[in-house]
Amino acid sequence: MQSSTHSDIISQPEENITGTQAIIWTPPFIVFFAALLGFGLGIASLITFIWLNSGLYSVERVAMVYSVVLMVAWLVVLLTGHSWWVRGGALFGLIWAACNFGGFWLSKHGVGAQDPLTIQIHAATSSALLAGALCLSVARVRLKLWDAILLWLVLLAFCAYLGYSYLKVPAGTSSLIFIEGRIVSWTLYLSLAVWWLRPSCWRDQPGLTFLFGLATFLLIVLNRSSTLTTEQNVFFLQVSFLCLLLAAIRVFQEEWRLHRQTNH
């Protein structure tokens, strides 16, 4: 009786220890990230519903507000970044948001989509997105042979396409404006390739790869539709902004974690 009682006393703490080890705690950042994602999608749906049924504000005004939020987010990443690649990506993200703000501001004040100034702003916006993708996609990635091959192919294909476009400029059309119009679409395609066609990105930073790639994919679809007058396009425009905001927050979280490790 005494031996069995003694064994029960010994086994009980062991069971408690095993049960304690089986508990899985969710990191606070994941909870915050998921909550922000749900909140952002809800806000996007509400804004789209109000725009569609009341017309209290324009799509341009909504896009400018999102652009300002993204400028603040990328500025914070730029100030807290440790790697030069991360700082470069944040700088180009800041430029992208600023150019995006300028493009929607011009649209709100009656400047047409085919106006040379609008085309130049869109070319600068998409070019900044590609530059940011190149910087951030190599910042925390163990580069392989395919990464180098793809990045060189991206550069060569882009230069070759610009040269081909220059030779095919229609008569009576400005060469610069024609090429800038081609830059808008091709830089978006190349940005998507930089993220989603590299296994190293999916292996080392799958979250950023998915978010940046999804945002770029949505921008490609919106660019092809060339209109923001439908309910679906207005909603997915906000989703693309939300993806970029979540990506900026994820980059900041990683840089903040490295900062705390360095200080300790």
Donor-acceptor pair, distance only, cut-off 3.5 Å: does the side chain of [X] make one with the backbone of [Y]?
| X | Y | result |
| --- | --- | --- |
| Arg203 | Arg142 | yes |
| Arg250 | Leu211 | no |
| Gln205 | Val251 | no |

Give a yes or no on whether [X] and [Y] share a hydrophobic cluster (residues Ile, Leu, Val, Met, Phe, Trp, Tyr; joining criterion: side-chain heavy atoms under 4.5 Å apart).
| X | Y | value |
| --- | --- | --- |
| Ile220 | Phe210 | yes |
| Leu52 | Val59 | yes |
| Val76 | Ile249 | yes |
| Val68 | Val77 | yes |
| Leu245 | Phe32 | yes |

Provide the closest heavy-atom pair for [X] versus [Y] in the form atom of the first, atom of the second, distance.
| X | Y | result |
| --- | --- | --- |
| Leu188 | Leu219 | CD1-O, 4.1 Å |
| Ile119 | Val184 | O-CG2, 4.3 Å |
| Ala123 | Ser126 | O-OG, 3.2 Å |
| Ser137 | Cys201 | O-SG, 3.8 Å |
| Gly102 | Ile121 | C-CG2, 4.4 Å |
| Ala248 | Ala73 | CB-CB, 4.1 Å |

Quick one: does [X]'s side chain get under 4.5 Å of [Y]'s, heavy atoms only?
| X | Y | result |
| --- | --- | --- |
| Ile95 | Leu91 | yes |
| Leu136 | Trp85 | no |
| Val141 | Arg198 | yes |
| Trp105 | Val111 | no |
| Leu56 | Ile50 | yes |
| Val234 | Gln238 | yes |
| Leu37 | Leu242 | yes |

In sequence, state the C-alpha distance, the side-chain angles, and the governing distance for Trp84 and Arg87, and then conclude on side chain to side chain contact (heavy atoms under 4.5 Å, CB included).
CA-CA 5 Å; Trp84 284 106; Arg87 292 177 182 176; 3.7 Å; yes

Can you list the residues that meet the side-chain contact (heavy atoms from CB on, under 4.5 Å) rule with Leu134, with sequence neighbours excluded?
Leu130, Leu151, Val194

CZ of Arg61: more than 12 outside heavy atoms within 6.0 angstrom?
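No, not enclosed.
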
Output the distance between atom [atom1] ([X]) and atom [atom2] ([Y]), rounded to the nearest 0.5 Å.
| X | Y | atom1 | atom2 | value |
| --- | --- | --- | --- | --- |
| Glu231 | Phe235 | CD | CZ | 9.5 Å |
| Glu254 | Ser83 | CD | OG | 11.0 Å |
| Phe241 | Leu70 | CZ | CG | 7.0 Å |
| Ser107 | Glu60 | OG | CD | 4.0 Å |
| Phe29 | Leu36 | CZ | CG | 9.0 Å |
| Leu190 | Leu192 | CG | CG | 9.5 Å |

Side-chain donor-acceptor pair under 3.5 Å between Thr80 and Glu255, yes or no?
no

Any ring pair (Phe, Tyr, Trp, His ring centres under 6.0 Å) involving residues 34-65? Give me the pairs, sequence neighbours left out, ordered by first then second residue.
none

For residues 121-163, which residue pairs qualify under ring pair (Phe, Tyr, Trp, His ring centres under 6.0 Å), counting only residues two or more places apart or in two chains?
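Checked against ring pair (Phe, Tyr, Trp, His ring centres under 6.0 Å) - neighbours excluded - the pairs reaching residues 121-163 are Tyr161-Trp186.
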
Aromatic rings Trp202 and Trp196: how do their planes relate, parallel, tilted or perpendicular, breaks at 30° and 60°?
tilted

